[in-house]
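Working notes, beginning with the structure itself.
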Amino acid sequence: MIWLVRHPPVAMHWQKRCYGVSDMGLSREGARMATILVSRLVQLSPDAIVHSDMLRTRGIAERAAKLLSIEAQADPLWRERNFGSWEGRSWHAIYRETGNAMDGMLSDPIGFRPGGGETTAELVSRSVQLRHDLARDKNIAVIAHGGPIAAILADKNAAAFHLLPDYIPEPGSITKV
């Protein structure tokens, strides 16, 4: 059994910003949700917990692992998409500068690199491979991000790249795959 856990909302000043591989903590609401997530994870009793190594995933993973007397394993490959030079900038500023270029993430998933970062195809390929590499004989909770989780769910449903946004789970959610 695999549970994919999307981290709760990030710090308020990062919301409405492009923050793929940028490392920030959770908002107050996110911290409250994290406490609930930890309890839910303990109830699920996974054999292993993996997280992306980012602040917004690490705290949840380490707290749950401690309560379960297991070790949380950090794996930076579970990070969100790398948005290159767009990291940390507001989506409005990116749009003002590039117009609808960001549509390239869906209309040109193989060639478009947002801010010179990772293509959609690379994100999907990396995420699907990570899912396939997880042990099949264990119950594993992965605390990660919307992009990798959406990529795995879309792949599972044989969905086209342009449908990826439809598979982004809510912050603080747990999805069984």
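Quick caveat, the model's predicted, so the values are computed rather than measured. The chain is numbered in sequence order, starting from 1.
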Test your reading of the model: is there a side-chain donor-acceptor pair from Arg17 to the backbone of Gly88, 3.5 Å cut-off? yes
Is there a side-chain contact between Leu44 and Asn139 (heavy atoms, below 4.5 Å)? no
Distance-only side-chain donor-acceptor flag, Arg6 / Thr175, under 3.5 Å: no
Could you check whether Thr57 and Arg79, counting side-chain N and O atoms only, form a donor-acceptor pair closer than 3.5 Å? no
Looking at side-chain heavy atoms only, is the closest gap between Lys66 and Arg63 below 4.5 Å? no
Counting N and O atoms only, with roles assigned by atom type, does the side chain of Glu71 sit under 3.5 Å from a partner on the main chain of Ala65, one being a donor and the other an acceptor? no
What are the two closest heavy atoms between Ser52 and His145, and how far apart are they? OG-NE2, 2.7 Å
Strictly distance-based, threshold 3.5 Å: is any side-chain N or O of Asn82 a donor or acceptor partner for the main-chain N or O of Val21? no
If we ignore hydrogens and angles and just use 3.5 Å, is the side chain of Asn100 paired with the main-chain N or O of Asp103 as donor and acceptor? no
Looking only at heavy atoms, which two atoms of Met105 and Phe112 are closest? And how far apart? N-CD2, 3.4 Å
Go through the steps to decide whether Phe83 and Tyr19 satisfy the test side chain to side chain contact (heavy atoms under 4.5 Å, CB included), and finish with yes or no. CA-CA 8 Å; Phe83 287 99; Tyr19 61 82; over 6 Å; no
Report yes if the side chains of His7 and Met54 come closer than 4.5 Å at any heavy-atom pair, otherwise no. no
Between Ser127 (side chain only) and Ile152 (backbone N and O only), is there a donor and an acceptor less than 3.5 Å apart? no
